[in-house]
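Numbered from 1 within each chain, the chains take letters A, B, ... in sequence-line order.
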Protein chains: 2
Amino acid sequence: MGVKGKEGKVGRRVTSKEVAAALGVSPATVSNAYNRPDQLSPLLREKVFEAARELGYAGPDPVARSLRRRRVGAVGVLYSDRLSYAFADPAAVEFFEGVSVATEEAGLGMLLLPGSARGARDPEAVGNAVVDGFVIYCMADDDPLVDVVLERRLPVVLVDHPGVEDVPYVGIDDEGAAAAAAEHLIGLGHRRLGVVSFELTRQMTGGLADLSRPERATFGPSRARLRGYASAIRQAGLPVSEVPVYECAESTREEGRVAAEALLGMESRPTALLCMSDQLAFGVLEAARDLGLSVPGDLSVVGFDDVAEAGRTSPPLTTVHQSHVEKGLLAGRILVARLGEDEPPEAGLLPTRLIERGSTAPPG
Amino acid sequence: MGVKGKEGKVGRRVTSKEVAAALGVSPATVSNAYNRPDQLSPLLREKVFEAARELGYAGPDPVARSLRRRRVGAVGVLYSDRLSYAFADPAAVEFFEGVSVATEEAGLGMLLLPGSARGARDPEAVGNAVVDGFVIYCMADDDPLVDVVLERRLPVVLVDHPGVEDVPYVGIDDEGAAAAAAEHLIGLGHRRLGVVSFELTRQMTGGLADLSRPERATFGPSRARLRGYASAIRQAGLPVSEVPVYECAESTREEGRVAAEALLGMESRPTALLCMSDQLAFGVLEAARDLGLSVPGDLSVVGFDDVAEAGRTSPPLTTVHQSHVEKGLLAGRILVARLGEDEPPEAGLLPTRLIERGSTAPPG
DNA sequence: TCGTTTTACTTAATCGTTTCAGTAATGTAC
DNA sequence: GTACATTACTGAAACGATTAAGTAAAACGA
């Protein structure tokens, strides 16, 4: 016996059949003891539990039970990239948080699965995932794993990835939100803008581009945001093709710094930067500080997401608010409802709004 | 057909038997087509895939396959509380990140499971979790779910929860690290200390206590840290029983604020506060600012964990560094190795060290 | 040409439950 | 005392695969 009577030997599997044999009853009875107490006498039920305890039977095997019941008790969450990347991104973490609330409400587990982006080891993990349904989050339009999931014919909810028939879609109006961010800067009087963007294509290496061909982006929200920035800029009569876009391989502070250094080192330095995420914007803020530029005096910065830390930077970040928690919660609730026979909440677009904090001001 | 030929109807389950029947072959052959290509002719294999595509068979059912193979392809991560709480705690998120690296290396999924703390809906989720092994993270000593997991006799790794025989344990020297934090403050000349603590017992409601009876804490690391603080203070010849301890229900900024307000409102105000987590310390920093106290001029603050944001607050936080990512990675790797026949890396204590930043100084 | 391998499948057992359809035994109604 | 429920179990068929062992046919060596 271990401390407190616990011990953790990994042991031979004990089956219900063995428990039944030890007691001279049928396996059905053992099953009933665990699943339908009304089907046997309380006395026998106790005996079953006692025999189980003695033999080291911890209750019905979850896999066999799942097979028979055709229900696993877990949902899969498919993320575009390595999970270690997701965990480093506050927006993704907030999304997971929302999903977890829904799964916990339903007593379900949450199986996190990495997508097929760089460094994916084993796409089979998705096809083999033991789950009752999927939330597909943040996947590139052309990621083959989306099809792998759809082919399994399980209930699915898509997030930030519209356009698959018969699959509920949860997202935001990325284009409108991005346009609002750009309009804000233009309204303040900025004329020389720059964009700090997510990666546009799979093979990107990072670097400069311009705003003239947003359609090539393979990731839906990136495309929409680029379109939003472009349309607001065009609306204002500014030359879209002259707006520099720096493409970042990842949504991290480091990439944001690199982007800012590139953009702010240009001959005609932008007076304001539109960032596709708060993480990128945080990096921009750091870079600006290092370059001796004051924000918002010398440079205005707008983020996207409004993660918790956006209110705490100095200056606090002007950004597009969206609730990642709500997004995950809604996606999770829709999926959970589809797993049962419940009427799912309505899928659709969640609201966004521009939060004006301290990182934007008229150009100096 | 949907857009791009995709569609997401949730459909009747198609079995290998049906595919076999459609082709007039045995189910074994269909299985071989997917699992052992060398067992059938390439031609027939192609035919199997074609028939599968036509019938909408997406490959072997993961549950049935898992039952037969006695292997699921996922590990469970059991967390003490609601997952939404874990996702709000950077330390837990960093830990998950580490685990995810290990699971991805092995091509495994990661099933997150909430523990039985307040608000737990369904303890059965743990007993029914379809996984090959468990990482038990951050559980209270008396949490019944630990036993539920151990009884399943699967490979398990315990984190921050020592003392179960035959189960590898990963952690840090909480007592020593806490002592180092207290010694740092004492060395600076502080004599009136206060502690901002995690919850000590399950039924706590938050509030003031003192350092004299650390043994009552039900959560191992809390107990050890309290002991560490106490021993350093005793060593310095200061009266341990006069050190106020504020017990926080959760490791959040808000609780940290509340704690700081209580502690700093006392008749003989502490000149330095020892916080059991960076999250709590962040709250303390906020409260100090609101109270018009300068840190470290009027108040020194020491955190615990060294999460990423600790380097970015103003002033940057002096704290005890531990690598949650490494902790998760090590725990994950040990578990993964135990699932196979590999020799697991050695379990044990990870290093910590005090990081002196700007939040501590001699008392004013 | 005969015996031996090899190739290409099939048969049937098995993984560990759940559950439908019984069947005796006991209880209740009149 | 007969008819009808109710209680307390059992038997056997799923659930959807994998796999060891077996078999017939084709290929091969000498």
Side-chain angles (χ1 to χ4, degrees), chain A residues 11-48 51-52 55-73 124 127-132 151-154, chain B residues 11-48 51-52 55-73 124 127-132 151-154:
Chain A
R12 194 180 57 82
R13 193 174 304 220
V14 180
T15 68
S16 65
K17 209 197 293 194
E18 294 174 55
V19 176
L23 240 58
V25 301
S26 84
T29 298
V30 176
S31 173
N32 285 332
Y34 286 93
N35 301 307
R36 318 200 291 196
D38 57 313
Q39 297 289 302
L40 37 41
S41 65
L43 181 72
L44 180 52
R45 189 163 120 102
E46 266 319 306
K47 278 193 194 162
V48 168
L55 293 172
Y57 176 72
D61 177 76
V63 178
R65 174 191 286 230
S66 298
L67 176 60
R68 184 58 231 231
R69 291 224 176 128
R70 304 169 131 268
R71 193 154 220 298
V72 171
E124 301 201 1
N128 286 330
V130 179
V131 296
D132 295 318
E151 273 157 20
R152 287 187 57 179
R153 314 250 194 139
L154 296 173
Chain B
R12 195 180 56 83
R13 194 174 305 220
V14 181
T15 69
S16 67
K17 209 197 295 192
E18 294 174 57
V19 175
L23 241 60
V25 301
S26 82
T29 298
V30 175
S31 173
N32 284 333
Y34 286 93
N35 300 309
R36 319 199 292 195
D38 57 314
Q39 297 290 301
L40 36 37
S41 65
L43 182 72
L44 180 54
R45 190 162 119 102
E46 267 319 307
K47 278 193 195 163
V48 168
L55 293 172
Y57 176 73
D61 178 76
V63 178
R65 175 193 287 235
S66 298
L67 175 59
R68 184 58 230 235
R69 291 224 175 130
R70 302 165 134 272
R71 192 151 221 296
V72 171
E124 301 201 0
N128 285 330
V130 179
V131 296
D132 296 317
E151 273 157 19
R152 287 188 56 178
R153 314 251 194 136
L154 296 174

Rounded interatomic separation in angstrom, taking [atom1] from [X] and [atom2] from [N]:
| X | N | atom1 | atom2 | answer |
| --- | --- | --- | --- | --- |
| B:Gln39 | D:dA20 | CD | P | 10 Å |
| A:Asp61 | C:dT14 | CG | P | 18 Å |
| A:Leu67 | D:dT18 | CG | P | 12 Å |
| B:Asn35 | D:dA20 | CG | C1' | 15 Å |
| B:Arg36 | C:dT10 | CZ | P | 14 Å |

Using a cut-off of 4.0 Å on non-hydrogen atoms, how would the nucleic acid contact of B:Leu40 be classed: base, sugar-phosphate, or nothing? sugar-phosphate
N/O contacts under 3.5 Å, protein versus nucleotides 10-14 of chain D?
from   : atom 1 : to      : atom 2 : distance (Å)
D:dT10 : OP2    : A:Ser26 : N      : 3.0
D:dT10 : OP2    : A:Ser26 : OG     : 3.2
D:dT10 : OP2    : A:Thr29 : OG1    : 2.4
D:dA14 : N3     : A:Arg68 : NH1    : 2.7

Considering just the side-chain nitrogens and oxygens of [X], establish if one lies under 4.0 Å of OP1 or OP2 belonging to [N].
| X | N | result |
| --- | --- | --- |
| A:Arg70 | D:dC15 | no |
| A:Ser31 | C:dT18 | yes |
| A:Ser41 | D:dC9 | yes |
| A:Tyr34 | C:dT19 | no |

To the nearest 0.5 Å, atom CG of B:Leu55 lies from atom CD of B:Glu18 at 7.0 Å
Roughly how far apart are A:Asn128 CG and A:Arg152 CZ, rounded to 0.5 Å? 7.5 Å
Divergence of helical axes at both termini of the helix from C:dT1-D:dA30 to C:dC30-D:dG1 - five pairs an end, 10° steps: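 Rounded to the nearest 10 degrees, the bend comes out at 30°.
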Pairs under 3.5 Å (N/O, protein and nucleotides 24-27 of chain D):
none

Side chains of B:Asn35 and B:Arg69: do they bring a donor and an acceptor to under 3.5 Å?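 Yes.
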